[in-house]
Structures are given as structure tokens and as C-alpha cells.
Amino acid sequence: MIGTKLNKTMPELPEVENVRRSLEPLIKGKVVSKIEVRYDKIIDGDTVRFCQVLKDKKILGLSRYGKYLLFRFSNGWTVVSHLRMEGHFRLVDKSKSWSKSTHVLWKFTDESVLAYLDVRKFGRMQLVKTGTEFETTGLQKLGPEPGSSSFIFSYFENELSRHRRNIKSTLLAQSVVCGLGNIYVDEILWRSRIHPLSCAKSLPKKQIRTLWQTIDAIIPLAIQKGGTTIRSYTDANGNAGQFQNFLAVYGRSGQKCRRCGTVLVKIKVQGRGTTFCPHCQEVFR
DNA sequence: AGGGCAACCTGCGCGC
DNA sequence: TGCGCGCAGGTTGCCC
């Protein structure tokens, strides 16, 4: 048991993909009657325009790139949404009172409401013309997705050779490969037997290949397992993920490495908690 | 121009 | 009991 309090989500690519899959059938075809914004900073750009433009528009579908959700609306509009740490959507019936972490309400003509909740208020949504989403600050520098045809070995090897900083920071940056966050990066490095502070450009070809294969395998596997539920991440139907049962290092500092029995160590890398095995994860400098 | 890091937020757990 | 502090982490923006 990792935590007892059920109040945090940690959406990385597999969790966001499970949100997309579960949420899309619940909202597709609905028409906005009114948007209410209760905490202005969630909306990137002009909030009044955001509400005005979306009124009377129909939801055509929900897509995703990296950790970004893309709500497709009629008349060529898209809402780019990032859940950051704890954001989540819930489709509810008309309700009388909203919790204080409910920041945006999408009210539909059928009387249902899509509520955006976010305790830490880190999440953002931005209205753009469909087709211009890759010009936004968040999406324009994203690398390819793990498991996609553009995430090929020669590309990955070439990208790593351009970075002198450590491999953990490099993988978290989203520009070499997108969608990985703190949990999956630690797991991927453990599986690849690479120390998080290894210099990205110093990795031998053999380790780069192992790392590439691991990234390409673990993300689709985590999607298949419904994502990772550390505290309370659930999909739009309230279902928890199962990948936490496969975690080898995240949340296990002080416990024994499942490969060699050495006690796992926790350090800070780029301000992020980082757990690894000091014995079987090799440092390359 | 790559890289380092504070800032953005709130709730929880811990030490005193 | 209660207060203060550190921690949690994705992204942005600023500075070197």
C-alpha cells in the first residue's frame, strides 16, 4: 500500500489516454449551452472569449497528444487541456453545489455538466482553431510518442547525443520523447539498469537500445493496465488503474531492489524525487 | 541555445 | 492542540 489518502492524481501519458478513452463516449455529440469559469487562471487567454466561442458548439471527439487532451468542437474549434498534477473531468447531472476545487463547468443542452476539478489549480485549458494546436507553447516542442512509428531508434540515439545533462532530466523534458513523467521515468531507468544521473550523451549504444525498447514497451503496457493509481487517479468512470502493482522503484525507497536485494535510494534530480537501485543501475559519465 | 531553477498551488504529515 | 515547514510534481518563464 503506497498511500492511504485518496486525493491525488498523477496523470502521465497512460493515465491521460485512459481518461480520453473513458471520457469520449460520455461527451461526444453534446452541445454546450453555457460555460462557467469559477477560477480564471485555468483558462489560458481571454476567458470571456473562451465562453462565448464555445456556446452552441458540439463536441465532435476527444483526442490526445502526449499528456494533452484535445477536445474537438464543431466550427473548427479545439480546446487544448493539460491536467498537470491533479486535474480531472467528471460528467455529472445538474448539481446544486460545487466543491471548492471545481473550477470550470461545461453545461450542455441535455442538462448534463462536464466539471473540471483541480485542487492545486495547476491545470490549464486553451481555446485554439483546430489545426493550430501544434503552434501552442505546450505542444510545439513535443517529441514523438512512445510506441508510435516516429519514435525510432536512430532518432532517439541522435537526440540523446545532443544533451549533456543527466538522462532523467532529458526524459522529463518532453522534447526528446513525450508523455513520460516522474513515475514512469524512474521505472524505465530501473528496468534499463541505467542510473538517473548518467549523462545522456555518454550512454553506450547497447544501453540506448535497451532504454528505447523499454520506453516503447512500458507505455503501451501501462495504457493496457489502465494507468497507475498512486492515490486516487481514476478514469472518467471512476475506475482505478492497475499499473501500480508493477512498480519496482517509485514509492519504494528504503525497500529492497527486486533484482538484487540492495536497499533502494531516493535522491533529488531537477527538484524531483528520484528512486533507484545504487547497485544495479549503472552510472555513465 | 541548452540548461538550471524558482514559481505556480494546496493538502498532508511530521517535528516540536 | 497548533503552528511552521517540507514535500508532492508538470510546465513555464526567466536568467546565465
Side-chain angles (χ1 to χ4, degrees), chain A residues 1-17 19 37-45 64-70 80-88 98-104 116-126 133-143 145-146 158-189 196-202 219 227-233 244 247 249-254 266-275 285:
Chain A
M1 182 57 83
I2 293 170
T4 51
K5 293 291 179 187
L6 300 181
N7 60 4
K8 296 239 192 293
T9 68
M10 309 214 178
E12 302 181 32
L13 191 156
E15 292 72 40
V16 179
E17 175 59 16
V19 169
V37 178
R38 306 170 81 231
Y39 183 74
D40 193 62
K41 290 174 78 172
I42 299 292
I43 310 297
D44 259 338
R64 178 196 59 74
Y65 197 91
K67 303 174 193 172
Y68 291 83
L69 286 169
L70 305 169
V80 178
S81 162
H82 198 298
L83 306 173
R84 297 284 175 91
M85 256 83 75
E86 305 187 31
H88 55 282
W98 303 100
S99 70
K100 68 173 185 177
S101 61
T102 304
H103 305 308
V104 184
Y116 175 75
L117 299 93
D118 189 342
V119 168
R120 305 246 327 251
K121 302 176 175 173
F122 277 0
R124 293 292 179 266
M125 51 184 86
Q126 183 178 5
E133 54 268 13
F134 286 98
E135 296 165 23
T136 60
T137 308
L139 287 166
Q140 66 179 348
K141 289 182 212 143
L142 287 189
E145 294 211 321
N158 183 52
E159 283 295 308
L160 291 191
S161 72
R162 298 175 49 235
H163 294 280
R164 62 177 181 275
R165 65 174 157 176
N166 67 69
I167 187 63
K168 168 141 188 181
S169 300
T170 304
L171 295 178
L172 281 176
Q174 310 297 306
S175 54
V176 173
V177 55
C178 75
L180 307 181
N182 205 39
I183 299 175
Y184 289 108
V185 168
D186 279 9
E187 295 302 314
I188 286 162
L189 291 174
L197 290 176
S198 294
C199 176
K201 67 194 304 183
S202 302
I219 295 302
T228 302
T229 296
I230 291 299
R231 295 194 186 176
S232 81
Y233 155 80
Q244 65 277 12
L247 299 181
V249 284
Y250 185 85
R252 295 194 68 242
S253 69
K266 185 169 185 178
I267 60 171
K268 286 264 185 197
V269 178
Q270 202 189 277
R272 300 291 172 253
T274 301
T275 309
R285 297 195 189 280

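Quick caveat, the model's predicted, so the values are computed rather than measured.
A donor-acceptor pair under 3.5 Å is absent between the side-chain atoms of A:Arg164 and the main chain of A:Ser161, judged by distance alone.
For A:Arg38, there are no salt bridge (charged side-chain N to carboxylate O under 4.0 Å, His left out) partners, not counting sequence neighbours. Applying the ring-ring contact (aromatic ring centres under 6.0 Å, His included) test to A:His82 and every residue at least two apart in sequence or in another chain returns A:Tyr68. Remark: A:Thr136 engages A:Gln126, A:Val128, A:Leu139 in a side chain to side chain contact (heavy atoms under 4.5 Å, CB included) (not counting sequence neighbours). Residues satisfying the salt bridge (charged side-chain N to carboxylate O under 4.0 Å, His left out) test with A:Glu133, not counting sequence neighbours, are A:Arg72. The side chain to side chain contact (heavy atoms under 4.5 Å, CB included) test applied to A:Cys178 returns A:Tyr65, A:Leu142, A:Glu145, A:Gln174, not counting sequence neighbours. Looking at residues two or more places apart in sequence or on another chain, you find a side chain to side chain contact (heavy atoms under 4.5 Å, CB included) between A:Ser253 and A:Lys266, A:Thr275. A:Asp186 meets the salt bridge (charged side-chain N to carboxylate O under 4.0 Å, His left out) test with A:Lys168; sequence neighbours excluded. Scanning for ring-ring contact (aromatic ring centres under 6.0 Å, His included) contacts around A:Phe122 gives an empty result, with sequence neighbours left out.
The nearest whole Å value for the distance from the CG atom in A:Leu117 to the P atom in B:dT10 is 15 Å. Distance, A:Leu69 CG to C:dG10 P: 16 Å, rounded to whole Å. For the pair A:Asp44 CG and B:dC8 C1', the computed distance is 13 Å after rounding to whole Å. Rounded to whole angstrom, the span from the CG atom of A:Leu83 across to the P atom of C:dG10 amounts to 12 Å. Counting to the nearest Å, the C1' atom of C:dA8 and the CG atom of A:Asp118 are 14 Å from each other.
Here the CD-OG distance, from A:Gln270 to A:Ser169, works out to 4.0 Å after rounding to the nearest 0.5 Å. Rounded to the nearest 0.5 angstrom, A:Asn182 CG and A:Glu187 CD are separated by 10.5 Å.
In the region residues 160-169 of chain A, proximity to DNA chain C at under 4.0 angstrom, judged on heavy atoms, holds for none of the residues. Near DNA chain C, meaning a heavy atom under 4.0 Å away, the residues from residues 170-185 of chain A are A:Gln174, A:Gly181, A:Asn182.
For B:dG11, one of the phosphate oxygens OP1 or OP2 lies less than 4.0 angstrom from a side-chain nitrogen or oxygen of A:Lys100. The phosphate of B:dC8 has neither OP1 nor OP2 within less than 4.0 Å of any side-chain N or O from A:Lys121.
The nucleotide whose nearest atom lies closest to any side-chain atom of A:Arg272 is, among B:dG11, C:dC7, B:dA7, B:dA7. Here the side chain of A:His82 is nearest to one of C:dA8, B:dT10, C:dG10, namely C:dG10.
Using a 4.0 Å heavy-atom criterion, one finds that A:Lys266 contacts the sugar-phosphate atoms exclusively. Residue A:Lys268 is in sugar-phosphate contact alone, with no base atom involved, counting any heavy-atom pair closer than 4.0 Å across all strands shown.
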Using Watson-Crick and G-U wobble pairs with both distances under 3.5 Å, what is the 5'-to-3' dot-bracket string of DNA chain C, with [ ] for crossing pairs and | for pairs outside the strand? .|||||||.|||||||
For nucleotides 12-16 of chain C, give me every protein contact, N/O to N/O, under 3.5 Å, one pair per line with atom names.
from   : atom 1 : to       : atom 2 : distance (Å)
C:dT12 : OP1    : A:Gly138 : N      : 3.3

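The gap from the P atom of B:dA1 to that of C:dT11 amounts to 23 Å, rounded to the nearest Å.
Under the stacking definition used here (centres under 5.5 Å, planes under 30°), the residue A:Phe122 qualifies as stacked on the base of B:dC8.
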Hey, mind stepping through A:Met125 and A:Val104 against side-chain contact (heavy atoms from CB on, under 4.5 Å) and telling me if it holds? CA-CA 10 Å; A:Met125 51 184 86; A:Val104 184; 4.2 Å; yes
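Screening A:Val176, A:Val177, A:Val185 against A:Thr170 for a side-chain contact (heavy atoms from CB on, under 4.5 Å) leaves a single residue, A:Val176.
Side-chain contact between A:Leu117 and A:Glu86 is absent, with no heavy atoms from C-beta onward closer than 4.5 Å.
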